[in-house]
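Encoded as C-alpha cells, the structure appears first; notes follow it.
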Amino acid sequence: MKVWDFVKVADSKVKIDVGLSESIGLVDGGCVYSTLFEYKGGGAKEYELILSAFPQENYRTLTHLTVYMSDVPGATAQAARFLGSRNVNILNSVSVNAISDTNIIWKMLVDLSFAGEADIIAESFRSLKYAGDPSVSKLDHIEVKSADIGRVFRSGGAGSDKSELRCGAPVTMKEYMFDTSIEYSDILNGINGSTAMIIADSESWMLSITLLRKGTELVKMGFSIPDCPGSIQQVVDHLAEENVNLMSVFSKVKICYQTMRLDVTADLGACRHSVDEMEKELPKALEKMNGIFELIEYRRMN
C-alpha cells in the first residue's frame, strides 16, 4: 500500500491526500496537533512537521492493542465490553476479517491512562480464558505492546541532526490542508513553492510532512525489471554509485516470476550527472544489468 505523497506548498498550506490523512485518523474538520523539527545537516530535508490527533503529553500512555476473535455475532461487543470494564479507552481502530472468514482481527490504538499497565490487561484476559469464563468465549487472544510514539521526539542516534523547534497549539484541518502559517509563520515564511514529502505512519497514527530544500532535484523514475532475487539491488546499487538519494521506493509484481514494476522518487541534487544527463545514462546502464531492465518513466517533480 502506498503511504506517501509529494506535493507543492502553496499559500503556506500543505494539501494532504484524503486517503493518507484518514488512514492515520486525521479527518477534515478535526483537531490536529503538530510539532516542528529542523534538520541541521545537509541533504534534501530542511524541516519536518509531525501531525497527530493526539497531544504530546498523551504519547506515554498510548498503546497498540490487537484482539483476535471468532467471526460470530457479538464478538466485537464482547471485546469492547472486556476493555471498557477495565477502563481501556479505545481511540483509533480498524477491524478486518481474516482471509478464511473464521476470525476477526481488531487493531486499535488505546489510551491506558486509567487502566494501569499493559501487562495487567493481558494477564487479566489470559486468566479469564484459562478459566473458561463465558465473558471472553468469543475472543481468541489479545496482543498488547507499547506504541513508543515518543521515539520520534527523542534525540540521538541516526536522527541526531534533527532538533525540535516548537510544539504547536491544536488547529483545525480544513479541506484536508494543513496551514503552516497559523503556528509557524515566523519560521516557515519562505516555503511557498517548496516540495513537501508526506508520509503516513499507520503504526504510530502520525503523519510526517518533510519540507525539502529549494535546491532539491526531485525525479520520479519507473522501471520494468525481472521478478527475481537481486533485481531491485542491481537498480538501487547503480543509483547509489551515481550518488542519487532515494526518497521513496515502491515495487509491485506484474507477472509473477517474470516482471515487476519498480518506482523510485529520488533527489538528484548531488548526482554525478545532471537531471537531463541521467535520463540518457540510465537506459545504457540498464542494458548492462543481468536480465531485461527498462526505464519506462522519468519525470521531474520539482
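Because the structure is predicted, anything quoted here is derived from the model rather than measured.
For Lys174, the NZ atom sits in a loose shell: 12 or fewer heavy atoms of surrounding residues, nucleotides or ligands are nearer than 6.0 Å. No more than 12 heavy atoms of other residues, nucleotides or ligands sit less than 6.0 Å from atom CZ of Arg60. Summarising the local packing, CD of Glu57 is surrounded by more than 12 heavy atoms from other residues, nucleotides or ligands at distances under 6.0 Å. The environment of Lys129 atom NZ is dense: over 12 non-hydrogen atoms of other residues, nucleotides or ligands sit within 6.0 angstrom.
Side-chain atoms of Asn192 come within 3.5 Å of backbone N or O of Asp11 as a donor-acceptor pair. Side chain of Lys254 to main chain of Asp227: no donor-acceptor pair is present (N/O by atom type, distance under 3.5 Å, no hydrogens or angles). Of the possible donor and acceptor atoms, none in the side chain of Tyr47 sits under 3.5 Å from a partner among the backbone N and O of Leu212. Side-chain atoms of Asn245 never come within 3.5 Å of backbone atoms of Asp267 as a donor-acceptor pair (strictly under, hydrogens ignored). Thr216 contributes no side-chain N or O that, together with a main-chain N or O of Leu218, makes up a donor-acceptor pair within less than 3.5 Å. Listed for the Ser21 side chain is no donor-acceptor partner under 3.5 Å among the backbone atoms of Asp17. Of the possible polar contacts, none joining the Asn87 side chain to the Ala115 backbone as a donor-acceptor pair under 3.5 Å is found.
Of the residues Leu246, Ile296, Leu268, Asp263, the one that meets the side-chain contact (heavy atoms from CB on, under 4.5 Å) test with Met221 is Leu268. Screening Val67, Val136, Thr66 for a side-chain contact (heavy atoms from CB on, under 4.5 Å) with Ile142, the sole residue that qualifies is Val67.
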Exercise for the section: Take Phe223 and Phe293, measure what ring pair (Phe, Tyr, Trp, His ring centres under 6.0 Å) needs, and give me the verdict at the end. Expected result: CA-CA 7 Å; Phe223 303 89; Phe293 291 77; 8.5 Å; no
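Note on Ile191: it clusters hydrophobically with Val14, by side-chain heavy-atom contacts below 4.5 Å among ILVMFWY residues. In this structure, Leu165 is a member of the same hydrophobic cluster as Leu188, with clusters built from ILVMFWY side-chain heavy atoms closer than 4.5 Å.
Taking the six-membered ring where the residue is Trp, His141 and Tyr68 present parallel rings, their angle staying beneath 30° rather than reaching 60°.
Side-chain contact, His238 with Glu281: a donor N or O sits under 3.5 Å from an acceptor N or O. Side-chain atoms of Trp106 and Ser93 include a donor-acceptor pair closer than 3.5 Å. A donor atom on one side chain and an acceptor atom on the other are not found under 3.5 Å apart for Ser181 and Ser12. For the residue pair Gln78 and Ser135, no side-chain donor N or O sits within less than 3.5 Å of a side-chain acceptor on the partner. Side-chain polar atoms of Ser204 and Tyr59 form no donor-acceptor pair below 3.5 angstrom. Between the side chains of Thr195 and Lys8, at least one donor-acceptor pair of N or O atoms lies under 3.5 Å. Between the side chains of Asp71 and Asn97, at least one donor-acceptor pair of N or O atoms lies under 3.5 Å. A side-chain donor-acceptor contact under 3.5 Å links Arg86 and Ser124. With hydrogens and angles left out, the side-chain atoms of Asp276 and Ser274 include no donor and acceptor closer than 3.5 Å. One side chain, Thr61 or Ser113, offers a donor N or O that lies under 3.5 Å from an acceptor on the other.
The closest side-chain heavy-atom distance from Ile198 to Ile16 is below 4.5 Å.
Salt bridge status for Glu287 with Lys284: absent, with no side-chain N to carboxylate O gap under 4.0 Å. Note on Glu217 versus Arg300: salt bridge recorded, some NZ/NE/NH1/NH2 to OD/OE distance being below 4.0 Å. Between Glu48 and Lys162 a salt bridge is recorded (basic side-chain N to carboxylate O distance below 4.0 Å). With salt bridges taken as basic N to acidic carboxylate O contacts below 4.0 Å, none links Glu164 and Arg166.
Taking the six-membered ring where the residue is Trp, the centroids of Tyr33 and Phe54 are separated by 6.0 Å or more. If you look at Trp4 and Phe250, their ring centroids are closer than 6.0 Å.
With sequence neighbours excluded, the residues forming a side chain to side chain contact (heavy atoms under 4.5 Å, CB included) with Ser146 are Asp148, listed by chain and number.
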